[in-house]
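Note that these values count all heavy atoms, side chains included, but never hydrogens, waters or copies made by symmetry. Letters A, B, ... are given to chains in the order of the sequence lines, protein chains preceding strands, and every chain is numbered from 1.
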Number of protein chains: 2
Amino acid sequence: MESKGFISYDMFRRTCPSHTVLEALSNKWLYLVVMALGRRGRMRFSELQKLLEGVSPKMLTQTLRGLERDGMLQREVFPVVPPRVEYELTPLGREFARLLVHMLDWSVAHVPDILAARALYDVAAGDAVTPPAGS
Amino acid sequence: MESKGFISYDMFRRTCPSHTVLEALSNKWLYLVVMALGRRGRMRFSELQKLLEGVSPKMLTQTLRGLERDGMLQREVFPVVPPRVEYELTPLGREFARLLVHMLDWSVAHVPDILAARALYDVAAGDAVTPPAGS
DNA sequence: CGGAATCCGATATGATACTG
DNA sequence: CAGTATCATATCGGATTCCG
């Protein structure tokens, strides 16, 4: 058998834990929450909700819970009224955030390229289907 | 007004192109295709299908088309019979792949941490709901 | 072989209303 | 304030079938 402590993961296999994790981490809201907390450090539920335009409370809660479950963020409840709950990345979450920042910074930087490519692709596809002249 | 050529994107806004791009790039199959092509360089449809355990032809096609549309990969058709089609990352795609590799390598490396965090979280949640003793 | 087209169920997601 | 509960829908995604 394999010597202990050395596990080989294969993300290409459906049942491999690495695949599952990868699946969990490929999520728009997850990205945005991590980016938000990575920048501002610590935020309340309502602050996140305001920043992430279009999140429903449901999705926000779900995303936050998932990140908490995966050890990426910590949830702190203050026993006051009205309620006050704050979220903050854990060291693990901060590591992830650092990598994510690179990827998303690159993505944002290349938005023009991508939009241009799309435009090109779309007109080409349109041409292929468009009748030669006025039908 | 802003000086020309300097566009400010805000990925937190639903309608911002950067948000759309981010949305498109947060996809499991997309990750796997990019990783696969990033490693092996050039692959046929059937090779990808074999490597990515569980992809339906539909999802694979959809993913490949999306990447092609975004200028991340190039599709090459050989006019032979039986058909032969090969996919390869473009320079843009290769850049993206490099960033993605970092993120996924990190993710895979931390799978144990994440699984451990999950286990902890789940037992804690279970405790909170479990009745004190035999009902 | 490399898809396209179709069908269909599971599930993800969003809007809304409500509560401690 | 910070969620939870509910409902409606959309989209995802898989299986299947067929074609150049």
Do [X] and [Y] have side chains that approach each other closer than 4.5 Å (heavy atoms only, starting at C-beta)?
X       : Y        : answer
B:Phe96 : B:Leu67  : no
B:Leu22 : A:Met35  : no
A:Phe45 : A:Leu48  : no
A:Glu95 : B:His110 : yes

Nearest whole angstrom, please: distance from the [atom2] of [N] to the [atom1] of [X].
X       : N      : atom1 : atom2 : answer
A:Arg84 : C:dG20 : CZ    : C1'   : 18 Å
A:Met59 : C:dT13 : CE    : C1'   : 6 Å
B:Glu53 : D:dG13 : CD    : P     : 16 Å
B:Glu47 : C:dG2  : CD    : P     : 8 Å
A:Glu76 : D:dC1  : CD    : C1'   : 16 Å
B:Leu64 : D:dG13 : CG    : P     : 14 Å
A:Gln49 : D:dG3  : CD    : P     : 10 Å
A:Gln62 : C:dA12 : CD    : P     : 7 Å

Worksheet item: Roughly how far, to the nearest 0.5 Å, is the CH2 atom of A:Trp106 from the CG atom of B:Leu25?
Response: 7.0 Å
Fill in: Gap separating the CZ atom of A:Arg118 from the CG atom of B:Asp70, nearest 0.5 angstrom
4.0 Å
Please state whether the phosphate of [N], meaning OP1 or OP2, lies under 4.0 angstrom from any side-chain nitrogen or oxygen of [X].
X       : N      : result
B:Arg75 : C:dG3  : yes
B:Tyr87 : C:dG3  : yes
B:Arg44 : C:dG2  : yes
A:Arg14 : D:dG13 : no
A:Ser46 : D:dC1  : no

Fill in: Closest to the A:Phe45 side chain, choosing from C:dG3, D:dA2, D:dT4
D:dA2
Worksheet item: If you check every side-chain atom of A:Arg65, which of C:dC1, C:dG14, D:dT4 has the closest atom?
Response: D:dT4
Fill in: Close residues, residues 18-30 of chain A, relative to DNA chain D [heavy-atom separation under 4.0 Å]
none
Item to complete: Check A:Met59, A:Arg65, A:Lys58 against A:Thr61 for a side-chain contact (heavy atoms from CB on, under 4.5 Å) and give me the one that passes.
Response: A:Arg65
Discussion item. Can you tell me if B:Arg42 has over 12 outside heavy atoms packed within less than 6.0 Å of its CZ?
Written reply: yes
Worksheet item: Using a cut-off of 4.0 Å between protein heavy atoms and nucleotide atoms, how would you tag nucleotides 15-20 of chain D 5' to 3' with B, S and -?
Response: B----B
Practice prompt. Provide the closest heavy-atom pair for B:Ala109 versus B:Pro112 in the form atom of the first, atom of the second, distance.
Written response: O-CD, 3.6 Å
Worksheet entry | Distance-minimising heavy-atom pair for B:Val55 and B:Leu52 | CG2-O, 2.6 Å
